[in-house]
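Here the structure comes first, spelled out in C-alpha cells, and everything after it is commentary.
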Amino acid sequence: MSTEEITIPTARGTELRGFLDRPAGTPLAYAVFAHCFTCSAKSPAASRVSRALTDEGFAVLRFDFAGLGGSEGDFAESTFSSDRADLLEVIAWLGAHHAAPRLLIGHSLGGAAVLSVAAEVEGLDAVATIAAPFDPGHVTGLFASEIETIRQEGSAEVMIGGRPVVIGEALVDDICGVEQTRRIEALRTPLLILHSPTDEIVDVHNAQAIYRTAHQPKSFIALDGADHLLTGPGQGTYTAGVIAAWAARYIDAPEDAEAPHADLPPGRVRVNPDGRTDFGTVLATASHTWLADEPRSVDGGHDAGPNPFDLLLAALGACTSMTMGMYARRKGYELGDTRTDLTFRQVKRDGDLVTRIERSIVFDAELSTDQRRALLRIADRCPVHRALEGRFEISTAEA
C-alpha cells in the first residue's frame, strides 16, 4: 500500500487536501470517502476503512472538506451545499487524473453528502453509507442550544467532539432546507447502508428511513456494538470488509488488476499484526484477506476474528465438508442440511497432554443409514484429517 498526499483546486479558488491510498499494482476500482461532520480525512473511520479497502485491492481517495484538516477555507462559512460542491469537484479530479470512482463511501454527514450527489455521478457502480443521517439537518442537534445565538450573532463557537468549532448561520439555514428525500429517490445505484443499532449520535431510525426511501437494489448491515465514529478495535476493518465484499457484486475488476497479495504463490499464507490491537492479526493468501484475534475473555483480546484454535478447527471442518460434498456428488447423494461441528480440548493421558478434536456430523434426515456410514468413512479420509494424524515437522527460520 502507498499513500500520496494531493491537493485539489476548486472553482472557489481554494485548494482541498486529500490522501490517495493505493494498493500495489492496478486497483480493482477507485473509491472516494467523505468524512463525518467536523472530522477530517485522518479520522479513525476514514483512515481505517480506507486502509482496509486498500488491503482488498481498492484505491481510495479520502479528503478534507473546506476549512477542515489541511484544506483551505473558513469552516464557519461552509454549508452542506458547499460540501456537495467539494465532493463533486473531488470526484471530477479523480476521474481526470486517475479513473472515475466506481464506489462512493460516506460517513455520518459525509454519507448524507454522498447520497445527495450520487445520482449525478456517471459510471458509478455502488454507494455505501456509514452512520448517515436521513435528513442532513439532523446535525443541528449537536448544537441545538446555540442555534438562537447563531441566528442572532451570525455565528457561535460550539463544542463538538470535545473541541471548539465555529458554526455559521449560513450552515444552519442551508442544511435545514436540503431536499434529501428527492435526492435519495433519484438514486438508481446499488446502495449499502451500514449503521450501529446503538449509535449514540445518529439514531438507527435514520438508516431505516434511508432504506425505505431508496430504490432496489439496497442492503442494510447492522454494525452491532460499533460506536458512531468506529473507534473501537476492528470496527473500521470489519466495516471495510463488508463494503468490499458487497461492492464486488457490482464492480467488475479490470483485466490487469492484481489481487491485493498477488506476490504470494499458491500454498503460502502471510501473517502480520494489524497494528491496532494487542492480538489482532491479518492473514492473507494471494486472493483472500481475513482477521484473527483472541476472545474478549483474554486480556487484550477484542474478538475481531476467530482465534488460532478456531482456525485450526475451521480448516478441518471445511475440508471434511468439501470431501463429503465431493463424494456425495459422485454418488448422487443429496446432503441437504448436513453440517459438521467441531470442538477442541487438551486432555491428560498416561501422563502426557493429548490434543483431542471431536468432530460431530449431523446428517440430513433424508440420508439413508448406508449413505451416512459411507459419508462417515469418507470424512476420515479428508486431506486435513490425514495431515493432522500424520507426522508433522514444523521448521522456523529467518527469511
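Along the sequence shown, the residues carry numbers beginning at 1. Owing to the predicted nature of the structure, the values given are computational and were not obtained by experimental measurement.
- Val114 approaches Ala34 most closely through the heavy-atom pair CG2-CB, 4.0 Å.
- Screening residues 80-126 for ring pair (Phe, Tyr, Trp, His ring centres under 6.0 Å), with sequence neighbours left out, gives Tyr30-His98, Trp93-His97, Trp93-His98, His107-His228.
- Among residue pairs with one or both ends in residues 31-61, those qualifying as disulfide (SG to SG under 2.5 Å) are Cys36-Cys39; sequence neighbours excluded.
- Proximity of a side-chain donor or acceptor of Ser47 to a complementary backbone N or O of Ser43 within less than 3.5 Å is detected.
- Side-chain contact, His215 with Arg188: a donor N or O sits under 3.5 Å from an acceptor N or O.
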- Glu120 and Arg84: salt bridge (Lys or Arg N to Asp or Glu O under 4.0 Å), yes or no, with the steps? CA-CA 11 Å; Glu120 304 171 33; Arg84 288 187 76 253; 2.5 Å; yes

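- Although no hydrogens or angles enter the test, the distance criterion places a donor-acceptor pair under 3.5 Å between the side chain of Thr338 and the main chain of Asp364.
- A chain of hydrophobic side-chain contacts below 4.5 Å, direct or via other Ile, Leu, Val, Met, Phe, Trp or Tyr residues, connects Ile378 to Leu376.
- Following chains of ILVMFWY side-chain contacts shorter than 4.5 Å, one cannot reach Tyr238 starting from Leu283, and the two form parts of different hydrophobic clusters.
- Side-chain N/O atoms of Asn206 and Asp203 include no donor and acceptor closer than 3.5 Å.
- Here Glu393 pairs with Arg391 in a salt bridge; the nearest charged N to carboxylate O distance falls below 4.0 Å.
- Looking at Gln235, its side chain does come within 3.5 Å of a backbone N or O of Gly232 through a donor-acceptor pair.
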- Query: So Phe19 and Val60, side-chain contact (heavy atoms from CB on, under 4.5 Å) or not? Walk me through it.
  - Reply: CA-CA 8 Å; Phe19 301 93; Val60 184; over 6 Å; no

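- Atom CD of Glu122 has 12 or fewer heavy atoms from other residues, nucleotides or ligands within 6.0 Å.
- Atom CZ of residue Arg349 and atom OG1 of residue Thr355 lie 10.5 Å apart, to the nearest 0.5 angstrom.
- Across all non-hydrogen atoms, the minimal contact from Arg12 to Ala85 is NH1-CB, 4.4 Å.
- Transitive grouping of hydrophobic side chains (ILVMFWY, heavy atoms separated by less than 4.5 Å) brings Ile184 and Val202 into a common cluster.
- Note that CZ of Arg339 is 7.5 Å distant from OG of Ser360, once rounded to the nearest 0.5 Å.
- Inspection of the Ser78 and Ser82 side chains reveals no N or O donor paired with an N or O acceptor under 3.5 Å.
- With hydrogens and angles ignored, the 3.5 Å screen pairs a side-chain donor or acceptor of Arg48 with a backbone N or O of Thr231.
- A donor-acceptor contact shorter than 3.5 Å is absent between the side chain of Asp135 and the backbone of His138.
- Residue Leu313 is found in a hydrophobic cluster whose other members, listed by chain and number, are Phe309, Leu312, Leu316, Leu342, Phe344, Ile357, Val384, Leu388, Phe392, Ile394; membership requires side-chain heavy atoms under 4.5 Å apart, directly or through intermediates.
- Counting non-hydrogen atoms of neighbouring residues, nucleotides and ligands closer than 6.0 angstrom, the CZ atom of Arg249 reaches no more than 12 such neighbours.
- Rounding to the nearest 0.5 angstrom, the gap separating the CD1 atom in Ile130 from the CG atom in Leu230 is 6.0 Å.
- The hydrophobic clustering, which links ILVMFWY residues whose side-chain heavy atoms are closer than 4.5 Å, places Val166 and Ile150 apart.
- Leu88 and Leu61 end up in the same hydrophobic cluster when Ile, Leu, Val, Met, Phe, Trp and Tyr side chains are linked at under 4.5 Å.
- Put simply, CZ on Arg359 and OG1 on Thr320 are 4.0 Å apart, with the number rounded to the nearest 0.5 Å.
- For Arg182, the CZ atom sits in a packed shell: over 12 heavy atoms of surrounding residues, nucleotides or ligands are nearer than 6.0 Å.
- Neither side chain, Asp21 nor Thr54, offers a donor N or O lying under 3.5 Å from an acceptor on the other.
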Would you give me the side-chain donor-acceptor pairs under 3.5 Å for residues 216-225, sequence neighbours excluded?
unit_1 : atom_1 : unit_2 : atom_2 : d
Gln216 : OE1    : Lys218 : N      : 3.1
Lys218 : NZ     : Tyr211 : O      : 2.5
Lys218 : NZ     : Ala214 : O      : 2.8

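- Proximity of a side-chain donor or acceptor of His385 to a complementary backbone N or O of Cys319 within less than 3.5 Å is not detected.
- Leu194 approaches Ala128 most closely through the heavy-atom pair CD1-CB, 4.4 Å.
- Heavy atoms of other residues, nucleotides or ligands lying less than 6.0 angstrom from CD of Glu334 number 12 at most.
- For the pair Ser40 and Gly69, the tightest heavy-atom approach, listed with the atom from each and the gap, is CB-CA, 4.2 Å.
- For CD of Gln346, the number of neighbouring non-hydrogen atoms (other residues, nucleotides, ligands) closer than 6.0 Å is greater than 12.
- Shortest non-hydrogen contact noted between Ser196 and Ala226 is OG-O, 2.7 Å.
- Salt-bridge check for Asp64 with Lys42: failed, with every basic side-chain N at 4.0 Å or more from each acidic carboxylate O.
- Between Ile251 and Leu28, the closest side-chain pair of non-hydrogen atoms is not below 4.5 Å.
- At least one donor-acceptor pair under 3.5 Å links the side chain of Gln180 to the backbone N or O of Ala112.
- Glu294 places no side-chain N or O within donor-acceptor distance of the main-chain N or O of Gly300, the cut-off being under 3.5 Å.
- Closest approach of Glu72 and Thr14 over heavy atoms only: OE1-CA, 3.4 Å.
- Atom CD of Glu366 is surrounded by 12 or fewer heavy atoms from other residues, nucleotides or ligands within 6.0 Å.
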- Message: Would Ile175 and Leu109 count as a side-chain contact (heavy atoms from CB on, under 4.5 Å) here? Give the steps.
- Response: CA-CA 11 Å; Ile175 208 165; Leu109 192 63; 4.2 Å; yes

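- Partners of Thr239 under the side chain to side chain donor-acceptor pair (under 3.5 Å) rule, at least two apart in sequence or in another chain, do not exist in this structure.
- At least one donor-acceptor pair under 3.5 Å links the side chain of Asp293 to the backbone N or O of Asp303.
- By the salt bridge (Lys or Arg N to Asp or Glu O under 4.0 Å) test, Arg330 is found to be paired with no residue, residues two or more places apart in sequence or in another chain being considered.
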- For Val172 and Phe143, what are the C-alpha separation, side-chain angles and deciding distance, and is it a side-chain contact (heavy atoms from CB on, under 4.5 Å)? CA-CA 10 Å; Val172 176; Phe143 48 87; 3.9 Å; yes

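- A perpendicular orientation is assigned to the rings of Tyr333 and Tyr327, their planes being inclined by more than 60° (bins at 30° and 60°).
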- Item | Steps toward side-chain contact (heavy atoms from CB on, under 4.5 Å) verdict (Leu191, Ile210) | CA-CA 10 Å; Leu191 173 64; Ile210 295 171; 4.0 Å; yes

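- A donor-acceptor pair under 3.5 Å is formed between the side chain of His35 and the backbone N or O of Phe65.
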